[in-house]
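A, B, ... follow the sequence lines: proteins, then strands. Residue 1 opens every chain.
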Amino acid sequence: MAFAINMKIEPQPLNDEALQEIVTLIQTQHGYDFSNYAKASFTRRVERVMELAELKSVYDLKFQLTNNKQFFPFFLQNITVNVTEMFRDPAFYKELSEKVIPVLATYPYIKIWHAGCSTGEEVYSLSILLKEAGLLDRCKIYATDLNPLNLEKAKTGILSTKQMRDYTQNYLQAGGKSEFSNYYTARYDSVIIAKELRKNVVFSQHNLVTDGVFNEFQLICCRNVMIYFNRHLQNRAYDLFYNSLSHLGFLTIGAKESLLFSPIKQKFDAVSAASKIYRRID
Amino acid sequence: MATTPNHIIVIGGSSGSLPIIKEILDRLQKPFTCTIAIVVHRLRNVHSDLSKVFVQKKTFKLHEPEDKELIVRGNVYLAPANYHLLFEGKESFCLDYSEPIWYSRPSIDVTFSSAAHAFGKNTLAILLTGANADGAEGCHTVLKNGGTVLVQNPEESAFDAMPKAAIERNKNCIVCSVEEIIEKTQSFINKIP
């Protein structure tokens, strides 16, 4: 079997100095602070944007960022990782159903923050579990992301049918109690998530780097967002989550993310170490 | 001995590569004095005991690193399912959940390239049998940064697409039998101060 290897002209590799210049430019011109993003992955994203926009040099990139008004939304859209899926890590959702949701049920009114919600797939997964537990009507889910285009897409509740089969599989593995197809309506190449799953969700822009506490929550989900931050910024985000949680509130993070490297770990108990579910104890 | 490594061995493979990786790990001298990172194409969203497959004799430790985990010299790491594995300098790992490359996450290209940027000429990349072209571009970056690339001889590979693609892309890679891979890897390790 033969494969055509793409023999494209390689853009010049980004050195630290060039990266720093780009970060500073974005900060002063557009108000987004990427200075404490993890260097390895952020460099890859910038290189990807350059490749997509067919920019050959750092100079060209800086020119576009400075002079082309339409360029920044494109840059932001591609610099952030907008890859997500419904019921990603089904084992996590199963643990959440078994260990967290029964505790949430004891509150008269439940406030949840889904930070870094991307295009909403995981938010709607959570809505489904809350619905099945009979809690959705007394929940409010605040779903935030730094990318306004993601939020627009998330609000529509429209997904492509392409991945629904995978999602159905995930839903079953996550211990879903109903028929997954009850939760959406399919037409042509798209599905729309049922209205009842969307009505208690508020989508809003929030940047974990610069914005602060805006409410108090019983559950905060922030999965696979902090992998893009360096340790300094991770610690800031953990502080923010700590201060946004009610006493004995829950925090969930991505399967390979860790609280252990942060000084805040003493203020949390592991509810499920494997699924990265923690509880504020202090 | 400083714990942050100066040298790295990265091993990538897909279909048919598990027994070969196991053989390489089993036959290299213990304790390991070099850091090894392994990337194999694997299923996502399922529970996996792959890390146990490689260490049946318990002569070394192997685990899937967490995000920002410090890299320790002498440890063996396995790229976790559903994440790309990158190096944040020589000090720590960095995980990434961006688009799959060649339908794969973890991608061999991503880890190889990142190793090359972090460790430069002190990188040894080993590409084994597999059924797509992942790894070819990563090998290219390793060579461009002065590192060494060993590619399993396609004629001895269970699936030759992966080694063939890498050889086609890179004139300077060294085509080896498994025996030679083990020999050259051991001598790479022996030269580390």
Between [atom1] on residue [X] and [atom2] on residue [Y], distance to nearest 0.5 Å:
X: B:His117; Y: A:Thr43; atom1: NE2; atom2: OG1; result: 9.0 Å
X: B:Ser114; Y: A:Arg44; atom1: OG; atom2: CZ; result: 8.5 Å
X: A:Lys256; Y: B:Phe93; atom1: NZ; atom2: CZ; result: 11.5 Å
X: B:Leu70; Y: A:Phe261; atom1: CG; atom2: CZ; result: 6.5 Å

**Study point:** Residues of residues 228-237 of chain A within contact distance of chain B, non-hydrogen under 4.5 Å
**Key:** A:Tyr228, A:Phe229, A:Asn230, A:Arg231, A:Gln234
Review point. Can you say whether B:Tyr83 sits under 4.5 Å from chain A via the side chain, the backbone, both, or neither, judging by heavy atoms?
Key: side chain
Check your understanding: So which part of B:Pro65 gets closer than 4.5 Å to some heavy atom of chain A, the side chain, the backbone, both or neither?
Key -> backbone
Revision key, fill the gap. Max heavy-atom pairs within cutoff under 4.5 Å with chain B, candidates A:Thr80, A:Ile227, A:Val81, goes to A:Ile227
Check your understanding: Looking at B:Glu69, B:Glu66, B:His84, which has the largest count of heavy-atom pairs under 4.5 Å with chain A?
Key -> B:Glu66
Practice item. Identify which of B:Cys94, B:Ser98, B:Ser113, B:Ala118 forms the greatest number of heavy-atom pairs closer than 4.5 Å to chain A. Key: B:Ser98
Please say whether more than 12 non-hydrogen atoms of neighbouring residues, nucleotides or ligands are located less than 6.0 Å from [atom1] in [X].
X: A:Asp189; atom1: CG; answer: no
X: B:Lys121; atom1: NZ; answer: no
X: B:Lys171; atom1: NZ; answer: yes
X: A:Lys276; atom1: NZ; answer: yes

Give, as side chain, backbone, both or neither, the part of [X] having an atom under 4.5 angstrom from any heavy atom of chain B.
X: A:Val83; answer: both
X: A:Asp166; answer: side chain
X: A:Ala38; answer: both

